[in-house]
Visitor: 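Structure incoming, see below.
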Amino acid sequence: MVDITVRGAGIFGLSVAWACARRGARVQVIDPFGPGAGASGGVVGALAPHVPENWNDKKAFQFESLIMAGPFWAGVAEAGGVSPGYARLGRVQPVMDAAGLALARAREASAATLWQGQAEWRVEPVQGAWCPQSPTGYVIRDTLSARLHPRRACAALVAALRARGCEVLREGPDAGRVLWATGVAGLEALNAGHSRQVGNGVKGQGAVLDFDARDLPQLFADAVHIVPHEDGTTAVGSTSERDYDDATSTDAQLDAVISRACAAVPALGSARVLERWAGVRPRTRSRAPMLGAHPLHAGAFIANGGFKIGFGMAPKLAEVMAALMLDGVDSIADGFRPEASL
């Protein structure tokens, strides 16, 4: 007997499956390509918040999810014995000019309220070798940002699910309540069923460098995320490509990302490139995750549209969808419902 069938073994599908399993549900996850085969099998893993201003449902949801992430991933690691590579080490980014410095200081004050004393956004002088180049001599340091290794996080969720007796399969029939968390393929199916585009794939490219900064914060400079991982590598990324011919090939655009990372942090200049990666991330028309009743499959549910913030949104999203599917409790904000993109 199965209570929940999850179609899709990316971060949304696996995290919702785990939240349901923790509540005692019998869960199966089905994905013909295996866990983390799409965008969730990437390399960067920057769990970074939106700026603390112009607060809205999306920013509040993400904030709550980032706060939940520590115990969420600790529970996953304990259950399955596999580390997702999670650590809340913060983030540092340069302040580029006087206007940016004034804005950063204003956000320092707003974060004190919006982040409810659970994290800080600070303006401070440049210090140490692990710091991006900054024309003003100042950087922003936030203590909310965290990192994990995307594909290892998926593997950790699979291990935790299997430890609870849940199956992760390549194929199988639907049983119980069904969640569709099928990423870009799911958005393409919605596009085919509606008169206008509901969502699309956005290609991203990233790289893994042989540079050990595992206990240091992530950096964000010149639109590049620089993320040290617990295995002694550092990931950099990524591009955002609406138009592409090959979803999984890397090219000169990734070369430019690596060059900008090395220019921003000269310590990376001699680091060897260990891996180049590309994948396509699902982006809804509203740019927010799509949660709730599935628009095409009567009686089924959907969780899609993680785009660049899927891993950061996952802990809270998983609890919200588990409550909806198992208890009938609907706490989904209007901006996250499928109608926002239909």
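All values below come from the heavy atoms of this structure, side chains included, with hydrogens, waters and symmetry mates left out.
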Visitor: Taking side chain to side chain contact (heavy atoms under 4.5 Å, CB included) as the definition, give me every residue that meets it alongside Trp115, ordered by chain and number, with sequence neighbours left out.
Guide: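 Counting only residues at least two positions away or on another chain, Trp115 forms a side chain to side chain contact (heavy atoms under 4.5 Å, CB included) with Pro49, Pro52, Trp55, Phe63, Ala111, Ala119, Trp121, Asp142, Leu144.
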Visitor: How close do Cys262 and Gly269 get, counting heavy atoms only, and between which atoms?
Guide: SG-CA, 4.0 Å
Visitor: With Ala175, which residues qualify under side chain to side chain contact (heavy atoms under 4.5 Å, CB included), at least two apart?
Guide: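 Testing Ala175 for side chain to side chain contact (heavy atoms under 4.5 Å, CB included), a comparison that skips the adjacent residues, returns Val2, Thr5, Gln28.
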Visitor: Salt-bridge test for Lys203 and Asp246: reply yes if a basic N is under 4.0 Å from a carboxylate O, no otherwise.
Guide: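 Result for this pair is no, no salt bridge flagged.
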Visitor: Okay, side chain of Asp31, backbone of Gly8: is any donor-acceptor separation there less than 3.5 Å?
Guide: no
Visitor: Report the C-alpha distance between Thr233 and Arg214 in whole Å, list the side-chain angles of each, state the deciding distance to 0.1 Å, and finish with yes or no for side-chain hydrogen bond (donor to acceptor under 3.5 Å, both in side chains).
Guide: CA-CA 7 Å; Thr233 65; Arg214 69 186 73 190; over 6 Å; no
Visitor: Calculate, to the nearest 0.5 Å, the distance between atoms CG and CD1 belonging to Asp57 and Ile332 respectively.
Guide: 12.0 Å
Visitor: My understanding is that only residues two or more places apart in sequence, or in another chain, count here; which of them pass ring-ring contact (aromatic ring centres under 6.0 Å, His included) with His297?
Guide: Trp180, His294
Visitor: Kindly give the heavy-atom pair with the smallest separation between Arg91 and Ala48, and that separation in Å.
Guide: NH1-CB, 3.3 Å
Visitor: Is there a side-chain contact between Pro135 and Met96, using heavy atoms and a 4.5 Å cut-off?
Guide: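 In short, these two side chains touch, coming nearer than 4.5 Å.
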Visitor: Short question: side chain of Arg162, backbone of Val168 - any donor-acceptor pair under 3.5 Å?
Guide: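 Indeed, once roles are kept as given, a pair shorter than 3.5 Å links the two residues.
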Visitor: Do any side-chain atoms of residues 303-310 form donor-acceptor pairs under 3.5 angstrom with protein atoms, and if so which ones, sequence neighbours left out?
Guide:
residue, atom, partner, partner atom, Å
Asn304, ND2, Gly183, O, 2.9
Lys308, NZ, Ser240, OG, 2.7

Visitor: Could you go through Ser145 and Gln218, starting from their C-alpha distance and side-chain angles, then the distance that decides it, and tell me whether this counts as side-chain hydrogen bond (donor to acceptor under 3.5 Å, both in side chains)?
Guide: CA-CA 8 Å; Ser145 295; Gln218 63 183 274; 4.7 Å; no
Visitor: Less than 4.5 Å apart, side chain to side chain, heavy atoms only: is that true for Arg23 and Asp327?
Guide: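 They are in contact (side-chain heavy atoms under 4.5 Å apart), so the answer is yes.
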Visitor: Among Leu148, Val227, Val208, find the one that has a side chain to side chain contact (heavy atoms under 4.5 Å, CB included) with Val44.
Guide: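 With Val44 as partner, side chain to side chain contact (heavy atoms under 4.5 Å, CB included) holds for just one option, Val227.
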Visitor: For Tyr138, does the OH atom sit with more than 12 other heavy atoms under 6.0 Å from it, leaving out its own atoms?
Guide: no
Visitor: Give a yes or no answer on whether the side chain of Thr136 reaches the backbone of Val95 with a donor-acceptor pair at less than 3.5 Å.
Guide: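 Yes; judged by distance alone, with no hydrogens or angles, the pair exists.
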Visitor: Restricting to pairs with a member in residues 59-73, which pass side chain to side chain donor-acceptor pair (under 3.5 Å), not counting sequence neighbours?
Guide: His50-Gln62, Glu64-Lys316
Visitor: Cut-off 3.5 Å, side chains only: do Thr143 and Arg122 have a donor facing an acceptor?
Guide: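 No, no side-chain donor-acceptor pair sits under 3.5 Å.
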Visitor: Which residue pairs satisfy the side chain to side chain donor-acceptor pair (under 3.5 Å) criterion with at least one member in residues 100-112, sequence neighbours excluded?
Guide: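 Non-adjacent pairs meeting side chain to side chain donor-acceptor pair (under 3.5 Å): Glu53-Arg107.
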Visitor: Taking Arg151 first and then Glu275, would you say they form a salt bridge - that is, a charged N and a carboxylate O separated by under 4.0 Å?
Guide: yes
Visitor: Quick check against the 3.5 Å criterion: does Arg283 have a side-chain atom that pairs as donor or acceptor with the backbone of Val202?
Guide: no
Visitor: Of the options Leu190, Thr284, Leu187, which is the one that meets Ser341 in a side chain to side chain contact (heavy atoms under 4.5 Å, CB included)?
Guide: Thr284
Visitor: For the CZ atom on Arg337, are there more than 12 heavy atoms of other groups (residues, nucleotides or ligands in this structure) within a distance under 6.0 Å?
Guide: yes
